[in-house]
Amino acid sequence: MITLDNITYIRKNHDILKNVSCVINNSEIVGLIGPPGGGKSILLQLLSAAIAPSSGTILIDSFTQKQIKKNKRKALITSYIHTKPGNIN
């Protein structure tokens with residue numbers, strides 16, 4: 001399970017994401033839809049720990065990203081993100 005709790009990401013004094021909270025359960029498929037600049041890529045970077053949130057907590061199977069070794073974190077996130085080929089209308 002992935003838990004986002006009040007995630008905020010600020011870049012150059014601009015809120016890219018503000019107080020985002022959600023729970024993604026195991027085996028659940030989630031899509032991110034939004035306008036350019038809406039924060040979709042930032043959210044994925046936060047989930048992979050490529051960047052850190054300005055505030056809030058990200059838990060993966062009840063562990064913070066700092067508690068999970070880098071190699072295992074990549075494997076966990078990859079197991080949650082599924083991409084299927086096909087057309088999106």
Do Ile42 and Arg11 come close enough that some side-chain heavy atom pair is under 4.5 Å?
yes

Taking all non-hydrogen atoms of both residues into account, name the closest pair between Thr8 and Asn19 and its distance.
OG1-N, 3.0 Å

Pairwise distance CD1(Ile2) to CG(Asn25) - rounded to 0.5 angstrom:
10.0 Å

Looking only at atom types and distance, does a side-chain atom of Lys18 sit under 3.5 Å from a main-chain N or O of Tyr9, one as donor and one as acceptor?
no

Hphob cluster co-occupancy, Ile33 + Leu17, side-chain heavy atoms under 4.5 angstrom
no

Please report the interatomic distance CG(Leu47) to CD1(Ile60), rounded to the nearest 0.5 Å.
7.0 Å

For Ile24 and Met1, what are the C-alpha separation, side-chain angles and deciding distance, and is it a side-chain contact (heavy atoms from CB on, under 4.5 Å)?
CA-CA 6 Å; Ile24 302 170; Met1 177 181 340; over 6 Å; no

Is Leu4 linked to Ile10 within one hydrophobic cluster, defined over Ile, Leu, Val, Met, Phe, Trp and Tyr using a side-chain heavy-atom separation of less than 4.5 Å?
no

I'd like to know whether Ile7 forms a side-chain contact (heavy atoms from CB on, under 4.5 Å) with Ile58, so could you lay out the CA-CA distance, the side-chain angles of the two residues, the decisive distance to 0.1 Å, and finally the verdict.
CA-CA 8 Å; Ile7 297 298; Ile58 299 173; 3.4 Å; yes

Would Ile16 and His14 count as a side-chain contact (heavy atoms from CB on, under 4.5 Å) here? Give the steps.
CA-CA 6 Å; Ile16 306 296; His14 179 69; 3.5 Å; yes

According to a 4.5 Å side-chain heavy-atom criterion applied to Ile, Leu, Val, Met, Phe, Trp and Tyr, with indirect links allowed, do Leu43 and Leu59 form part of one hydrophobic cluster?
no

Could you walk me through whether Asn26 and Asp61 pass the side-chain contact (heavy atoms from CB on, under 4.5 Å) test, one step at a time?
CA-CA 9 Å; Asn26 295 347; Asp61 291 338; 4.0 Å; yes

What one should report as the nearest heavy-atom pair of Ser21 and Asn6 is OG-N, 2.8 Å

